[in-house]
Amino acid sequence: MKKYSSLKEIQTLISQKQLTLPDLLAYYFKQIKNNEHLNAFNEVFFLSAEVQAKAVQQKIENGTAGKLAGMVIGIKDNICYEGHIVTASSKMLEGFVSPYSSTVVQRLLQEDAVIIGRLNCDEFAMGGSNETSYFGPAKNAANPELVPGGSSGGSAVAVQADMCLAALGTDTGGSVRQPAAFCGQIGLKPTYGRISRYGVIAYASSFDQVGPITSSVEDAALLLQVLAGADDYDYDSTVSLFTVPDYPVLLNEQKKHKIAVLKETIESEALDPEIKSAILKSIEQLKADGHTVTYVSFDLLDYLVPAYYILTTAEASSNLSRYDGVHYGHRNMEAKSLNELYKLSRAEGFGEEVKRRILLGTFVLSAGYYDAYYQKAQQVRRLIREKMDVLFQDYDLILSPVAPTAAFKIGDHLQDALVMYMADIFTVLPSLSGNPAIALPIGNNEAGLPLSIQFTAKHFEEDKLLAFSQAFLS
Ligand code: GLN
């Protein structure tokens with residue numbers, strides 16, 4: 001059980017002088033110590049968090065504190081924070097200190113959140129179980145023999161085990177939603193471009209989005225409001241200029257929705273029967289609540305995982321070419337020539353899964369194969385996007401599972417990359433189409449493991465998605 005369930009609760013306690021921010025931080029430090037075996041944190045920012053907590057407490061007392069005063073938050077270890085190490089859980093960046101802060105970190109600090117540390121993840125966010133981390137897997141608090149999901153596994157566990165109130169993850173093909181699902185939390189992937197990627201270590205730039213993992217919809221709405229919107233930097237030219245709605249206020253807008261269930265996802269043989277029956281129960285509840293639920297066909301399901309892995313590995317092979325042992329990151333000291341320096345530094349610095357993806361990405365982009373793979377996958381992505389747009393002409397929300405199974409055993413999928421990739425089948429759809437999507441908890445299975453359901457909305461309709469989620473969970 002979490003001690004504090006939302007920022008509102010904490011802010012009330014602080015304003016009634018029943019709690020101070022430094023005491024709250026001390027509580028979370030203790031929780032981190034007690035849960036060390038879960039390996040959620042790559043580093044706890046003891047010093048800077050304490051300085052911040054004292055300063056924000058002062059601001060609260062002076063009545064000048066920002067919206068997030070009282071929020072103790074962890075950040076995935078691929079998000080840059082000036083003067084702090086950022087590694088993407090890779091040997092390649094071990095000990096690398098970020099010279100600047102990402103837009104998301106700047107915005108958290110501007111609104112007086114306290115950043116408690118950087119969280120374990122799959123190496124360069126490539127994975128679905130947190131097992132590709134150079135620093136070892138994070139573990140699920142529901143059962144430490146199981147994975148927490150990935151790639152933002154540490155972020156999900158930190159919230160699950162009450163080591164911070166909320167966490168930021170990044171979601172390229174499910175990395176916020178699936179770990180949130182495995183750990184019984186709420187995971188939101190905003191519309192592509194809703195949040196600036198400035199200062200977020202790139203994996204696949206046309207997919208990457210930062211998203212919050214929280215235990216309340218209110219906190220997700222508040223964080224999105226703070227993080228979303230264009231910044232002053234030229235770096236992320238894809239960040240949207242659309243105005244940012246007041247998500248927390250709009251949570252109260254309760255409407256009846258037209259919901260489409262993707263038939264092929266619910267009928268998929270890969271879907272665990274306990275998840276299926278929990279989702280069917282949710283569907284009955286939605287109908288009873290006055291929503292219209294219709295089963296629709298989505299015949300492109302089999303193309304999602306191949307298109308996703310061709311496009312993301314292609315982008316990754318390009319993005320990761322910067323780690324060459326010269327500019328920054330791990331460098332081999334014995335190399336006798338420039339070429340050797342590149343080869344040895346990259347061979348030593350990257351883990352197996354990252355290498356697999358660089359190889360695959362380089363292959364699909366190479367002359368002679370480009371048309372057959374990369375270009376084809378781009379065309380398929382366009383079809384998927386169009387299909388989604390057509391569905392959203394008739395429906396407000398799309399319902400599907402998040403993952404085909406609940407959390408699995410550490411090591412179980414590690415020997416077979418394809419099994420791991422196929423597990424992304426339901427989360428990569430909104431990633432390919434750019435739509436916002438959320439994972440919401442729907443109870444536990446017989447073994448006590450969290451189960452989850454996914455809702456996807458029209459581009460930039462996070463307000464609707466969050467308001468619906470609020471009602472769904474209450
Ligand atoms: N599991 C997916 C992958 O490995 C998603 C990762 C992510 O969203 N960062 O690509």
Side-chain angles (χ1 to χ4, degrees), residues 75-79 88-90 119-133 137-138 147-156 167-182 187-190 192 195 197 200-213 270 304-317 319-320 350-361 364 377 381 401-405 407-408 412-414 416-439 454 456:
I75 55 174
K76 185 176 180 178
D77 194 6
N78 61 353
I79 298 176
S89 287
S90 179
L119 295 157
N120 202 351
C121 57
D122 280 296
E123 185 178 2
F124 284 100
M126 296 176 190
S129 64
N130 212 131
E131 292 170 289
T132 72
S133 168
V147 303
S151 62
S152 316
S155 300
L168 294 190
T170 60
D171 192 311
T172 302
S175 278
V176 161
R177 290 161 284 155
Q178 183 255 28
F182 280 12
L188 171 69
K189 180 198 88 76
Y192 179 74
I195 295 176
R197 289 179 290 113
V200 178
I201 294 179
Y203 160 17
S205 309
S206 79
F207 293 76
D208 299 343
Q209 261 305 280
V210 170
I213 297 181
L304 299 178
V305 168
Y308 171 81
Y309 276 95
I310 288 170
L311 295 170
T312 53
T313 56
E315 293 187 27
S317 73
N319 273 327
L320 270 60
F350 290 134
E352 200 182 320
E353 181 59 28
V354 173
K355 284 181 194 158
R356 181 182 359 256
R357 296 197 189 201
I358 292 174
L359 289 171
L360 189 59
V364 298
R381 187 180 197 183
V402 181
T405 67
F408 46 86
D412 255 12
H413 291 1
L414 216 47
D416 194 339
L418 277 182
V419 173
M420 194 78 95
Y421 296 174
M422 280 313 292
D424 296 334
I425 183 158
F426 305 130
T427 48
V428 295
L429 174 55
S431 307
L432 283 156
S433 63
N435 292 84
I438 197 164
Q454 176 171 238
T456 303

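In listed order, ligands and their atoms are each counted from 1. Quick note: residue numbers are just sequence positions, from 1.
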**Item:** The one among F207, Y421, F124, Y309 that brings a heavy atom closest to atom 3 (C) of ligand 1
**Value:**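 It is Y309 whose heavy atom sits nearest to atom 3 (C) of ligand 1.
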**Request:** Record the part of D424 in heavy-atom contact with ligand 1 below 4.0 Å; permitted values are side chain, backbone, both and neither.
**Result:**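 Contact part for D424 vs ligand 1: side chain (C-beta onward).
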**Contact partition for R357 relative to ligand 1, non-hydrogen atoms under 4.0 Å** =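 Contact part for R357 vs ligand 1: side chain (C-beta onward).
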Is a donor on one side and an acceptor on the other found under 3.5 Å between the side chain of [X] and the backbone of [Y]?
X	Y	result
R177	T427	yes
E353	G127	no
T313	I310	yes
T312	Y203	no
T456	P430	no
E315	S206	yes

**Message:** Within the structure, is a non-hydrogen atom of T312 found at a distance of less than 4.0 Å from ligand 1?
**Reply:**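 T312 does not count as a contact of ligand 1 under the 4.0 Å cut-off.
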**Prompt:** Any heavy atom of R177 sitting closer than 4.0 Å to ligand 1?
**Reply:** no
Check whether any N or O atom of [X], backbone or side chain, sits under 3.5 Å from an N or O atom of ligand 1, and answer yes or no.
X	value
Y308	yes
G173	yes
K76	no
A125	yes
T170	no

**Complete:** Rounded to the nearest 0.5 Å, the CD1 atom of I358 sits from the CG atom of L320 at a distance of 5.0 Å
**Request:** Quick one: list whatever passes ring pair (Phe, Tyr, Trp, His ring centres under 6.0 Å) with F207, sequence neighbours left out.
**Result:**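 Once residues adjacent in sequence are excluded, the partners of F207 under the ring pair (Phe, Tyr, Trp, His ring centres under 6.0 Å) criterion are Y308.
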**Message:** Suppose we measure from atom 7 (C) of ligand 1 to each protein heavy atom; which comes out shortest, and what is that distance?
**Reply:** S175 OG, 2.4 Å
**Prompt:** In ligand 1, which numbered atoms sit nearer than 4.0 Å to a non-hydrogen atom of Y203?
**Reply:** 3 (C), 9 (N), 10 (O)
